[in-house]
Amino acid sequence: MRASPAAYPLTWRVMDVLERLAAMVWPSSFQRGLPYLMLAPALVLVGLLVLGLFQIGDASLRTLDTTTFLMSESYTLANYQRVLSESFFATVAGRSLIGSVIVTVVTLLFAFPYAYLMVRTPSSALRKFLLVALFLPFFIGQVVRAYGWLIILGNQGMVNEALGLVGVSPMRLLYNYPAVLFGLVQYMLPFAVLMLAPALTAIPTELESAAASLGAGWVRTFRHIVLPLSRPGLVGAGLVVVTLSLTDFAIPAILGGGTQDFIANAIYDQFFRTSDQGLGATLSLMLVAVGSILVGVVFMLFGAGTLAMGGERK
Amino acid sequence: MIDSRSKSIVIWAFVATALVMLSAPTIVVLGASFTAGNIITFPPDGLSLKWYGAIAQASDLRQAFLRSLIVATICTVIAIPAGTLAGIALAKYRVRFARSIQIYLLLPFTIPLIGSGIGMMLVFGQMNVLGKLWPVGIACCVINLPFMIWAVTASASNLSPDLELAAANCGAPPLQRFLYITLPAVLPGVITGSLLMFILALNEFLVSLLLVDARSVTLPVQIYNSIRSIITPDLAAISVVFIACAGLAIALLDRLVGLDIFLKSK
Amino acid sequence: QEPEKPAEIIVRAWGGSWVDALKAGVSDSFTKMTGIAVRHDLTEDNEIQPKVWAAVAQKRVPPIHINWDTTTNATKSALRGVTEDLSDLSNIKNTTDLAKPVGLDGYPIVNTYGYVYVLAYRPSAFPDGAPKSWKDLLDPKLKGRIALYNDGIGFHFPAQVAGGGKLEDIPGNMQPAWDFISKIKEQQPLLGEDPDFTTWFQKGEIDAACTISTNAREAKKNGIEIAWVVPEEGAKFDTDGLWIPKGLPENELYWAKQYINHALTKEAQQIWLDGLGLPGVVPGLTPPADLAGDPSYPTKEEDFKHLIRISSKVQVENESQWFAKFKEIMQG
Amino acid sequence: MGVVAAGLRPAGMTGQIAVSVKDVSMVFGNVHAVKNAFFDLPKGKFLTILGPSGSGKTTLLRMIAGFDRPTSGEIFINGQPVSAVPPHRRAIGMVFQKLALFPHMTAAENVAFPLKMRRHDARTIPEKVERYLDLVRLGGYGGRRINELSGGQQQRVAIARALVFEPDLLLLDEPLAALDRKLREEMQLEFRRIQKELGVTTINVTHDQREALVVSDEIIVMSGGEIQQKARPVDAYRAPSNAFVANFIGVTNFIEGEVVDLTSAGVVFEANGLRFSGVVTDAALAAGAPCAAAVRAEQIRIAPKDGSLGDLEAVVDGKVVDCIFEGERLVYEIRVPGLAGVLMRVFDHDPESHLQFGPGEDVRLGWNARDMNVFQK
Amino acid sequence: MGVVAAGLRPAGMTGQIAVSVKDVSMVFGNVHAVKNAFFDLPKGKFLTILGPSGSGKTTLLRMIAGFDRPTSGEIFINGQPVSAVPPHRRAIGMVFQKLALFPHMTAAENVAFPLKMRRHDARTIPEKVERYLDLVRLGGYGGRRINELSGGQQQRVAIARALVFEPDLLLLDEPLAALDRKLREEMQLEFRRIQKELGVTTINVTHDQREALVVSDEIIVMSGGEIQQKARPVDAYRAPSNAFVANFIGVTNFIEGEVVDLTSAGVVFEANGLRFSGVVTDAALAAGAPCAAAVRAEQIRIAPKDGSLGDLEAVVDGKVVDCIFEGERLVYEIRVPGLAGVLMRVFDHDPESHLQFGPGEDVRLGWNARDMNVFQK
Ligand SMILES: Nc1ncnc2c1ncn2[C@@H]1O[C@H](COP(=O)(O)OP(=O)(O)OP(=O)(O)O)[C@@H](O)[C@H]1O
Ligand SMILES: Nc1ncnc2c1ncn2[C@@H]1O[C@H](COP(=O)(O)OP(=O)(O)OP(=O)(O)O)[C@@H](O)[C@H]1O
Ligand SMILES: NCCCCNCCCN
Ligand SMILES: [Mg+2]
Ligand SMILES: [Mg+2]
């Protein structure tokens, strides 16, 4: 006999069925495999990229025949040779690598106090304001944002006009390497702050009070206490910033005035301008390799940071 | 806590700079959208709503916006389970090859977007599903997935394992344990992550460009394509509409769960 | 009998005034004539290329019916074999030589008009009169105030002349071009795309640029202070064309061809090219009033003497290297 | 040390056995967290596992709850092996050391959760929740979120949640450790009351000896993973089975010496040339072996130097080192030169005599032989 | 309630004043966390601030440490206003409630931190660190990371860290709250020892009345942000200034009644028709007003029904409800019908008489009038 719906609500019935299904699909004897089952969807999704990487890997071993615009039938390492030997690629790679490191350092430099203030301020209004200020720039497309910068930083922009008032002649603030780095910092700042905030929240305020009572001024409290303890956040944020800026395309293209290409721009050129998919594929793969090695090295040196906060594992 | 004056000054100096950096273009674009003139300038050249009128007329923009919403929704809907499960698995369990798995899961950030775009264009092409919106949603999900996973790990690592045991003890079978206890506990991370995923998908351009066709262009692609000769203030107006929607969403989120959750790892 | 009509056909086009002109001249009248709607895909020509190539390679229906393309890019696609033959279009016989692709058999593409990469400039920055030579760009006061396409397109050949080289040496010896481009590099040029130039002129970032006359003319129409010349070394003349990717269903292929055929009618060309301000491939078109006698609108044999024409075969085979070389100099 | 726990089981227990722990061990890497635990618990009894930090209490409790599987041995609940049933199918209520309340639910929702999960008749749930909230004196607090409750109130929610579905067995892992003294002592009495009221078999883990004495029917004292003694509170206090237990429960003074004579009636030992007699509860004690004799601080009488201590069998002289005022009593710390300078602690409960002796003063101490337990050292 | 704290200051203090709290208040929004605190602390003394959770103890301590600025009033340390000096320039050692040890440093690095920050001669640092680790009995543990230490050891690192730079003032915020009973009681004695050894002026915050009594020279009892009493431990215990203090310190039985007669010698009151006399420490008590009379559990004698209680002035009859074995003592809960059924708790410390009375038995209780403190209700 079945209980009345009031005694046995519908949601319970549904849950009972789901529970039985789950037990069939994944019996409790498979417990050990559970984390892998949970990881599976993410692994499969990223697997789409890996499938793509296989295609790209295949293309990287073929050269372009400019009389037919087809890729060669046979495999060759010619593209890799080209990438490693031509100084142009070294220039661009060096610029991207150095750039992404500078961007990471500067971004963290600004993100840290921002996140710190946001986490520590007693005023929830200020906290909300800082948070909203972080999110809004996302909603202005790159192109329009660049136009905004032109109005502010252009030769006849607001800044130059202001400088003109004090007798400084207009100078080029855009379309150079610093402008690209600046743009990347601005683009990365929200990500870095969002990743730092949980790590800073996890540092008890009392530790700072303790350091003060023990004779450390705020600078030394930062250096000896807050900074070392926020390392998981810094590592997590740093990894995100360094990988995203290393592989960025839009900002060097828009704020670089065409002369400040990063690797992704060189890849774009090969795929889209010269139709040389082989070379583009080679550059892509090498960038992935460099990025992944960088990530691996950071993991080895500093741990995975907030990307997988160690916590108490079971 | 009484902070020293020099500390406040230094911190505020950085924060103020950051705020200017973050907001200056937004403010300029916001102002420029109300211009009565034909070019984006700040301060605006007279005040009018004519560019808002212009975009209200443009049905292709509206459709593209709608498609972007769909794409962002698909992306978020996929990212929530995939990222949540992965985040919880990474934070709570000892996983073999965890480091390699993490490097693997960071591939979306180490592969340049063009590479991801071309790769997925070929993969989806092979599957013969290009031109539909859901592959674009999946693609947006894949390339930003680390954000979702990160947000969840940050919440889940502070989740006490006792909580699930307590639920088991209360008689909750595995699935309901997960649904009623684990999930709500990591909800702040899930919300943070979903919001980021949604926003990023709404704005995704480069990868979408390779996956859409003329019948399925999304808003960022539409905008990019339409500025082949001259940039007019209608783009500023679109941005402002975007910002307004975002502001609304953020206000809603604040009402529903409180914005402070972004600052808490618990 | 006519095959079944599709509800719409997709034509890839450049945005802004480019697509406006195509719509006014070709698409609208085509729709009126056939009842088939035309949807314009505004993906960049460069960016549609791999999408089409991948579709053909994967034997899928391509994402567009018609590609409006630079002749160079179109030739690449033709060489790769992804384009349909258009030789049987009835209106081709009414076209000038310009319509015929060079170095290709038949009509895997059809050229529809010519255009010139002029030297556009801001008159107020040249108080002593319009620049006469590409070498005028080396004037120290123009440092940081000139712009080129970011792959150098349109500039390689005039640079060969300005650098003291001969056009006949292309592609064998282009050192003079590279030497001149290196000098230009010292001038810290901005590199960009069509919309960038407009923006830069508008916002006072640059005083001179090598760009297509159409863009300059559009900017002028929008109230930007701009003029253009064909300098004494000459300016690159090139053509754009239309082509159809392989893999379309029979009926759609038929109607896509009808679209191109329609684009080759005098009526369509007149309106389309008035919009673009460019000379067409059908005899007897009237130049727009503002361009009568303009060197960027060649009509007579002698007009072409100032313009540099290099066969698209040479261009296609060497462009990658030229782009690479240009980049190497500019990114240094 | 090392009493075989099995030997301590009261023979011929009448009541039905609720929990039976049979030779259970747990090894983590090279840490032997629990060693050969062996005991039965009859239905309806309140058992406390008492021991210092790290003695394996939580490990044992978690195995009983079925969260961890023993490395060896087996645990039976109502005759069924624990591992045969998944955790959510067991009728065990547990209060966790850190409470593990569900932070996103109200107090009432927390209490209702086990009822919903166990599919009690949905119509009766609100009424049951209310009844149990009343039981823990939280009537009217049901609507509060967990973080709106004070520590003591949270505690009681956790208890209600563990009890509401009327489990066969209640497990408590140091549920009071986090509370302040006053509240903790109140809650101990509350526990006693509730357990008696419901009659549920209970196992409580604590390192607070007072709590163990106050709330339990039986105490198990653990140390280093081993069960040291299982006994009624009074017996554990009065007749500790070894020196560890004697020291861990109560304030105890130790005198070290050597056994001189060992009979069934008692033991005589020599310390620093003095002879004392005492009683034996430690089965391991042997004649001629070194021993430690324990006497509680409250069993010692204190008198002025050369004063009379009536008929007390053991008398030593000492000097007051410190006297510590604890309110209801005074603790004297007294150095006894005659016993190699051992420091003895003595309670003075009599408010009349309070502060009778000051530091430096010479005093006389005495106690009964029957209050001195002698253990193997 | 509401004794003016200023009035409690011992007049004509001889020692130099180390800390002077002058009419300090702290308001958070609409919470008055500390109200008009007013006291002086002479150099070298050990003061404990005792009060229940939320009474404002931490708030007061943080203001003394200079972490927060009072809403009104001023605090002087060695005659200097606290706010004149930033926290890191002050010579104040503080042990935080949650210890606030630096988790990324070893024990020795934690202890060395204040020395490095205060620029002590780098060559002497290792030696000083070692000396203070020895002082807290952690010699040899310096190299351990914080999370490799047990709770009690961490505690001691925190104390060494607060002491190592020889501060003028030591502040302790419930440093023992997290420890288990046995360890906590040991650490209390340790504190006393160290403080006496170094002679550092100390303010300790706790909600453990035993700790307050054991370690302090002076106690301040706080409730609801207000200072209720400032006195020596013995005085606070023996002569509580109001009912709150009487209830918070010790196990106290209250009898409610009405004042009949109030003289300087004592007070007579009537409860349920019975007359009692008692003593007065509460200045607010008035004739004719309702009152509450407090008598400690250990001051009450228990005798068989109709038994004799010698010369005790107050005698009532009751029935044993429960008797709770606490090891060193027995607690009787006795219902007194003659006093409207009030439940009285009585200690039985005499091991001889233990368990003399069982639940349900009729007994007689008695106490001295001088042991009964009468307060305004
Ligand atoms: N998962 C584990 N891995 C390794 N060692 C463990 C684990 N759990 C417990 N231990 C060790 O087993 C021993 C017993 O631990 P347990 O937690 O049972 O002690 P406890 O008596 O509950 O102590 P406390 O009173 O501090 O809670 C300790 O030495 C502890 O370090
Ligand atoms: N920053 C603050 N904002 C608002 N209210 C506060 C703040 N700090 C403390 N309070 C309030 O002030 C009162 C006193 O708090 P305080 O922390 O001083 O209590 P306490 O005596 O230390 O308690 P405990 O024993 O629980 O530590 C409490 O009601 C508390 O809620
Ligand atoms: N005929 C129109 C050509 C427009 C092409 N823009 C030039 C792009 C150079 N990369
Ligand atoms: Mg434990
Ligand atoms: Mg406090």
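We name chains A, B, ... by the order of the sequence lines, and we start the count at 1 in each one.
When E:Ala162, E:Ala158, E:Ala91, E:Pro103 are compared by the number of non-hydrogen pairs under 4.5 Å with chain A, E:Pro103 comes out ahead.
Annotation: A:Tyr36, atom OH; neighbour count of heavy atoms from other residues, nucleotides and ligands within 6.0 Å is above 12. Other residues, nucleotides and ligands place no more than 12 heavy atoms under 6.0 Å from the CZ atom of E:Arg89.
Side-chain contact between A:Ser213 and E:Phe96: present, with at least one pair of heavy atoms (C-beta onward) separated by less than 4.5 Å. Using a 4.5 Å heavy-atom cutoff, the side chains of A:His224 and E:Met117 are in contact. A:Leu207 has its side chain out of reach of E:Lys98: every pair of non-hydrogen atoms, C-beta onward, lies at least 4.5 Å apart.
For E:Leu101, the part lying under 4.5 angstrom from a heavy atom of chain A is the backbone only. In this structure, the portions of E:Arg161 lying under 4.5 Å from any heavy atom of chain A include both its backbone and its side chain. Contacts of A:Leu229 with chain E are made by side-chain atoms alone, with heavy-atom separations under 4.5 Å and no backbone atom involved.
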| request: Give the intermediate values and the outcome of side-chain contact (heavy atoms from CB on, under 4.5 Å) for residues E:Lys116 and A:Leu214. | output: CA-CA 9 Å; E:Lys116 289 186 185 147; A:Leu214 295 170; over 6 Å; no

| request: Might you work through the side-chain contact (heavy atoms from CB on, under 4.5 Å) test for A:Thr205 and E:Phe67, ending with a clear yes or no? | output: CA-CA 11 Å; A:Thr205 330; E:Phe67 294 138; over 6 Å; no

| task | Would you sort out whether E:His104 and A:Arg231 count as a side-chain contact (heavy atoms from CB on, under 4.5 Å), showing the intermediate values? | result | CA-CA 11 Å; E:His104 56 301; A:Arg231 198 173 78 175; over 6 Å; no

| request: Could you go through the side-chain contact (heavy atoms from CB on, under 4.5 Å) check for A:Ser209 and E:Met94 one step at a time? | output: CA-CA 9 Å; A:Ser209 299; E:Met94 176 142 177; over 6 Å; no

